[in-house]
Number of protein chains: 2
Amino acid sequence: MAQTDTVTRILDTAEVLFAERGFAETSLRTITSKARVNLAAVNYHFGSKKSLIQAVFARYLDPFTVRFHHALDELEAQYAGGVIPLEVLLETMARTVLDVPAERHSLKVFMKLLGLAYSQAQGHLRRYIQDEYGSVFSRFTDLVRLATPDLPDSERFWRLHFVLGTVIFTLSGLDALRDIAEKDYQEHVSVRDLIRRLRPVVVAAMNAPLPPPPMPKAEAS
Amino acid sequence: MAQTDTVTRILDTAEVLFAERGFAETSLRTITSKARVNLAAVNYHFGSKKSLIQAVFARYLDPFTVRFHHALDELEAQYAGGVIPLEVLLETMARTVLDVPAERHSLKVFMKLLGLAYSQAQGHLRRYIQDEYGSVFSRFTDLVRLATPDLPDSERFWRLHFVLGTVIFTLSGLDALRDIAEKDYQEHVSVRDLIRRLRPVVVAAMNAPLPPPPMPKAEAS
DNA sequence: TCCCGCTGGAAACGAGTGTTTAAAACATTA
DNA sequence: TAATGTTTTAAACACTCGTTTCCAGCGGGA
């Protein structure tokens with residue numbers, strides 16, 4: 001192997017370029033030249049650009065899933081048989097998300113990638129993430145169901161995605177927002193600062209009163 | 001002019017293609033062939049692809065801003081001098097957003113475009129939207145400040161972006177989420193359905209208790 | 001009638017894309 | 001040391017991209 005492994009050098013370079021410019025806007029030539037690696041190296045080691053994108057995600061999501069499963073195991077043991085409170089579940093997820101990139105690169109990159117996974121076309125990516133990491137998420141939502149027995153299933157489904165949107169949107173667009181915030185309010189916000197602000201908002205959102213029942217169908221949508 | 005104006009035929013086709021595949025992933029050739037228009041027509045009528053993208057947004061945002069300004073005018077007259085309640089402000093914004101695409105195409109396209117504007121690189125777009133339509137948003141946030149006097153400025157700033165994230169994220173990824181929801185809960189959700197569910201969540205998020213003060217700085221971020 | 005400013009159309013340009021090839025360099029084992 | 005398998009390299013391939021060029025058709029004003 002070279003000074004540092006070619007594979008990891010490609011991954012390190014690709015993840016920040018993807019995060020700050022998107023997938024389609026980042027060419028293999030940009031990646032390989034910045035990583036000081038031959039152009040063909042990507043296709044040799046990963047097979048294709050698609051596979052490289054998936055590999056970038058795997059490097060974050062693999063450690064995340066094992067840590068999260070582990071954390072949920074501990075929680076279930078701790079509350080043996082009982083219900084794990086919603087706040088604890090959310091807190092655990094947040095802590096796991098925060099821990100994973102700590103040992104790797106920046107949390108910012110991780111969140112930007114998650115944001116891209118949702119917004120960019122890249123159908124293969126959504127399918128890959130769903131197939132590969134869907135099970136952890138279902139386990140989590142099952143626990144959330146136990147913690148919020150009064151919420152109708154569909155309502156809980158939507159609210160989870162509401163807060164997911166809040167978190168991903170905020171953290172993935174953090175740089176731009178932080179610039180505005182610092183200019184207007186002269187206060188520096190760290191990621192952990194943001195999480196502190198997010199917590200009460202997310203809890204309040206999940207515990208919001210139920211919406212009124214839908215109007216008797218007046219017009220088709 | 002042809003059967004329908006070449007310019008509007010380009011815009012009509014471009015907006016749905018952009019919405020469902022992103023900007024970089026949609027080529028001018030795809031647009032022009034689907035619109036049954038010559039390839040050179042885009043560069044002739046709009047000058048460049050960038051300008052076409054901006055024109056697509058302008059066709060939504062121009063009517064939106066005049067309507068929204070008008071609605072805020074009425075509100076200020078109605079509450080002459082007094083404070084406009086937060087719920088009324090949010091409701092007004094939601095109604096305006098809903099009204100605009102009604103006379104044009106789908107709300108879905110509009111929200112997907114907004115989502116793309118945030119997530120895709122396209123620096124020129126963010127700048128264009130900020131320069132062209134930033135004033136309406138500042139007027140709105142000023143009114144929100146009056147409605148929530150107990151919220152610190154920075155906290156209100158972040159919470160507004162939190163709920164913005166919720167709305168854009170949910171509505172722009174609606175199709176995928178709707179598929180899951182329909183499969184799992186056998187209920188069809190319309191956009192207006194979603195807004196009904198969003199309302200209490202957004203209000204609760206804005207009115208959430210303040211976060212605890214930040215920890216005495218332990219480690220740098 | 002000639003000329004002019006627009007709009008539409010086919011073809012080409014030059015740059016940039018992901019991917020493949022075949023040879024060279026290296027590393028590892030026998 | 002020789003043979004083997006693995007990794008790196010430079011060059012080419014086959015496209016696709018946004019943009020430009022040049023010309024044909026069209027209208028109405030002089």
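We name chains A, B, ... by the order of the sequence lines, and we start the count at 1 in each one. The model shown is predicted, which means the values in this text are computed figures rather than measured ones.
Note on ring orientation: taking the six-membered ring where Trp is involved, the planes of A:Phe23 and A:Phe18 are perpendicular (angle over 60°, cut-offs 30° and 60°). Between B:Trp158 and B:Phe162, the two ring planes are tilted [angle within 30° to 60°].
Under the 3.5 Å distance criterion, with hydrogens and angles disregarded, a donor-acceptor pair is assigned to the side chains of A:Tyr133 and A:Asp62. Side-chain contact, A:Thr96 with A:Arg67: no donor N or O sits under 3.5 Å from an acceptor N or O. Using modelled atom types, one finds a donor on one side chain and an acceptor on the other under 3.5 Å when comparing B:Arg197 with A:Ser154. Judged by distance alone, the side chains of A:Ser51 and A:Ser48 do bring a donor and an acceptor atom under 3.5 Å apart.
For DNA chain C, if you chain together Watson-Crick or G-U pairs that step i with j, i+1 with j-1 and so on, the runs of at least three with distances under 3.5 Å are C:1-3 with D:28-30, C:5-7 with D:24-26, C:9-26 with D:5-22.
Residue A:His45 places none of its side-chain N or O atoms closer than 4.0 Å to OP1 or OP2 of D:dT6. Phosphate contact (OP1/OP2 of D:dT7, side-chain N/O of A:Thr6, threshold under 4.0 Å): absent.
Remark: side-chain polar atoms of B:Arg156 are paired, donor with acceptor, to backbone N or O of B:Thr148 under 3.5 angstrom.
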Just the table, please: protein N/O against nucleotides 11-19 of chain D N/O, every pair under 3.5 Å.
{"unit_1": "D:dC17", "atom_1": "OP1", "unit_2": "B:Ser27", "atom_2": "OG", "d": "3.2"}
{"unit_1": "D:dG18", "atom_1": "OP1", "unit_2": "B:Lys49", "atom_2": "NZ", "d": "2.6"}
{"unit_1": "D:dG18", "atom_1": "OP2", "unit_2": "B:Leu28", "atom_2": "N", "d": "2.8"}
{"unit_1": "D:dG18", "atom_1": "N7", "unit_2": "B:Arg29", "atom_2": "NH1", "d": "2.7"}
{"unit_1": "D:dG18", "atom_1": "O6", "unit_2": "B:Arg29", "atom_2": "NH2", "d": "2.5"}
{"unit_1": "D:dT19", "atom_1": "OP2", "unit_2": "B:Asn43", "atom_2": "OD1", "d": "3.2"}
{"unit_1": "D:dT19", "atom_1": "OP2", "unit_2": "B:Lys49", "atom_2": "N", "d": "3.0"}

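The distance from atom OH of B:Tyr44 to atom P of D:dT21 is 15 Å, rounded to the nearest whole Å. One atom, CZ of A:Phe46, and another, C1' of D:dT8, lie 15 Å apart when rounded to the nearest Å.
Taking the six-membered ring where the residue is Trp, the centroids of B:Phe157 and B:His161 are separated by under 6.0 Å.
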